[in-house]
Amino acid sequence: MTLLIYQVIFSGASLAIKSSGLNSYGLTNRDSEWKFVVGLDAYSGGSYDQKMVDRFDLQESRAKMSAKEHKIIHENISNLNASHGWLRLFWAKNRTLWAGRSMAIDFTEFGKIHSLKMDNLVKLLGYMGSIMLIIFSWIGSLSLFKQKIDNKVFLILLPLMAYAVVQLLIEVQGRYRLEFLPVIAILAGVGLYNCFDWIKSRQEKN
């Protein structure tokens with residue numbers, strides 16, 4: 001039902017855009033190769049790189065851009081094969097995605113109306129909050145594997161696992177994990193509960 005509702009809304013919105021004359025392709029992604037152009041670039045570690053952008057003429061037609069994107073994707077793959085750099089690239093991308101700052105606060109322009117000290121403090125708090133969520137989500141995940149529970153609970157993990165695998169190939173940035181913070185927060189809640197439960201049991205024994 002969720003997939004059906006999504007398809008109906010997505011298709012309806014695309015048809016509305018096409019009929020309005022805004023564009024002729026609706027919500028279709030016409031630049032899907034670009035994520036792989038950046039994501040397989042060993043020099044940038046799979047992150048956004050202005051040097052890579054400068055290699056393209058953004059005024060060119062979509063057909064010419066696509067041809068050049070495919071060419072650079074093959075170049076990146078050849079470089080990775082020649083240098084045996086796949087593992088290093090995957091490690092760098094995982095580090096960026098799960099340990100890098102999300103940069104979300106930067107996009108709010110918080111720093112324009114507050115002092116540099118306050119801006120840095122808020123960014124630090126935001127980063128630490130993200131890291132704490134991830135640490136407690138590890139604990140929560142481990143506790144779920146140890147418990148005998150309904151396997152349907154693991155359905156919540158499948159999108160997160162699929163997302164982590166896809167990110168090994170496409171462009172990564174710290175803010176891309178924000179979409180899955182609700183899932184991570186649920187797991188972190190389980191982890192936090194288990195930590196309090198463990199502390200409580202230790203106190204009762206003492």
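The analysis underlying the following values was restricted to heavy atoms, covering all of them including side chains, and did not include hydrogens, waters or symmetry mates. Along the sequence shown, residues carry numbers from 1.
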**Student:** Can a salt bridge be assigned to the pair Lys68 and Asp57 using a cut-off of 4.0 Å between side-chain N and carboxylate O?
**Tutor:**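 No salt bridge links Lys68 with Asp57.
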**Student:** Answer whether the closest heavy-atom distance between the side chains of Lys123 and Phe110 falls below 4.5 Å.
**Tutor:** no
**Student:** Does Asn76 reach the main-chain N or O of Val37 with its side chain, forming a donor-acceptor pair under 3.5 Å?
**Tutor:** yes
**Student:** Let me check something: any side-chain donor-acceptor pairs from residues 185-193 under 3.5 Å, sequence neighbours excluded? List them with distances.
**Tutor:**
none

**Student:** Looking only at side-chain N and O atoms, does Asn81 offer a donor or acceptor that is under 3.5 Å from a partner on Ser78?
**Tutor:** no
**Student:** Looking only at heavy atoms, what is the nearest atom pair of Glu33 and Ile73, with distance?
**Tutor:** O-CD1, 3.7 Å
**Student:** Less than 4.0 angstrom from a charged side-chain N to a carboxylate O is my criterion; do Lys112 and Asp119 meet it?
**Tutor:** no
**Student:** Using a strict threshold of under 4.0 Å (side-chain N to carboxylate O), is an ion pair present between Lys35 and Glu69?
**Tutor:** no
**Student:** May I ask you to decide if the ring planes of Trp98 and Tyr163 are parallel, tilted or perpendicular, using 30° and 60° as cut-offs?
**Tutor:** perpendicular
**Student:** State whether the side chain of Tyr176 and the backbone N or O of Glu171 hold a donor-acceptor pair below 3.5 Å, judged by distance alone.
**Tutor:**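 No: the side chain of Tyr176 does not pair with the backbone of Glu171.
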**Student:** Are more than 12 heavy atoms from other residues, nucleotides or ligands located less than 6.0 Å from atom CD1 of Ile199?
**Tutor:**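 Correct, the count exceeds 12.
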**Student:** Check salt bridge (charged side-chain N to carboxylate O under 4.0 Å, His left out) between Asp197 and all other residues, then give those that pass, not counting sequence neighbours.
**Tutor:**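 Not a single residue meets the salt bridge (charged side-chain N to carboxylate O under 4.0 Å, His left out) criterion with Asp197.
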**Student:** Just by distance, do the side chain of Ser102 and the backbone of Gly174 share a donor-acceptor pair under 3.5 Å?
**Tutor:**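 It does not hold such a pair.
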**Student:** For Met52 and Ile72, run side chain to side chain contact (heavy atoms under 4.5 Å, CB included): C-alpha distance rounded to whole Å, both residues' side-chain angles, the deciding distance at 0.1 Å, then the answer.
**Tutor:** CA-CA 10 Å; Met52 179 62 77; Ile72 290 179; 4.0 Å; yes
**Student:** Going by distance alone, is a donor N or O of one side chain under 3.5 Å from an acceptor N or O of the other, for Asn79 and Glu75?
**Tutor:**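 No, no side-chain donor-acceptor pair sits under 3.5 Å.
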**Student:** Can you confirm whether the side chains of Ser130 and Arg177 place a donor and an acceptor under 3.5 Å from each other?
**Tutor:** yes
**Student:** Any donor and acceptor pair, going by atom type alone, linking the side chain of Asn94 with main-chain N or O of Phe90 inside 3.5 Å?
**Tutor:**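 Yes, Asn94 side chain to Phe90 backbone: donor-acceptor pair under 3.5 Å.
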**Student:** Determine whether a donor-acceptor pair (N or O, by modelled atom type, separation under 3.5 Å) exists between the side chain of Lys93 and the backbone of Val172.
**Tutor:** no
**Student:** Count the heavy atoms belonging to other residues, nucleotides or ligands that lie under 6.0 Å from CZ of Arg62, then report whether that count exceeds 12.
**Tutor:** yes
**Student:** Are Trp86 and Leu40 close enough, and set up right, to give a side chain to side chain contact (heavy atoms under 4.5 Å, CB included), and what steps lead you there?
**Tutor:** CA-CA 9 Å; Trp86 287 98; Leu40 296 175; 3.8 Å; yes
**Student:** Going by ring-ring contact (aromatic ring centres under 6.0 Å, His included), name the pairs with one or both residues in residues 25-45, residues two or more places apart or in two chains.
**Tutor:** Trp34-Phe56
**Student:** I want to check something: taking the side chain as every heavy atom from C-beta on, are Phe136 and Met132 in contact at a cut-off of under 4.5 Å?
**Tutor:** yes
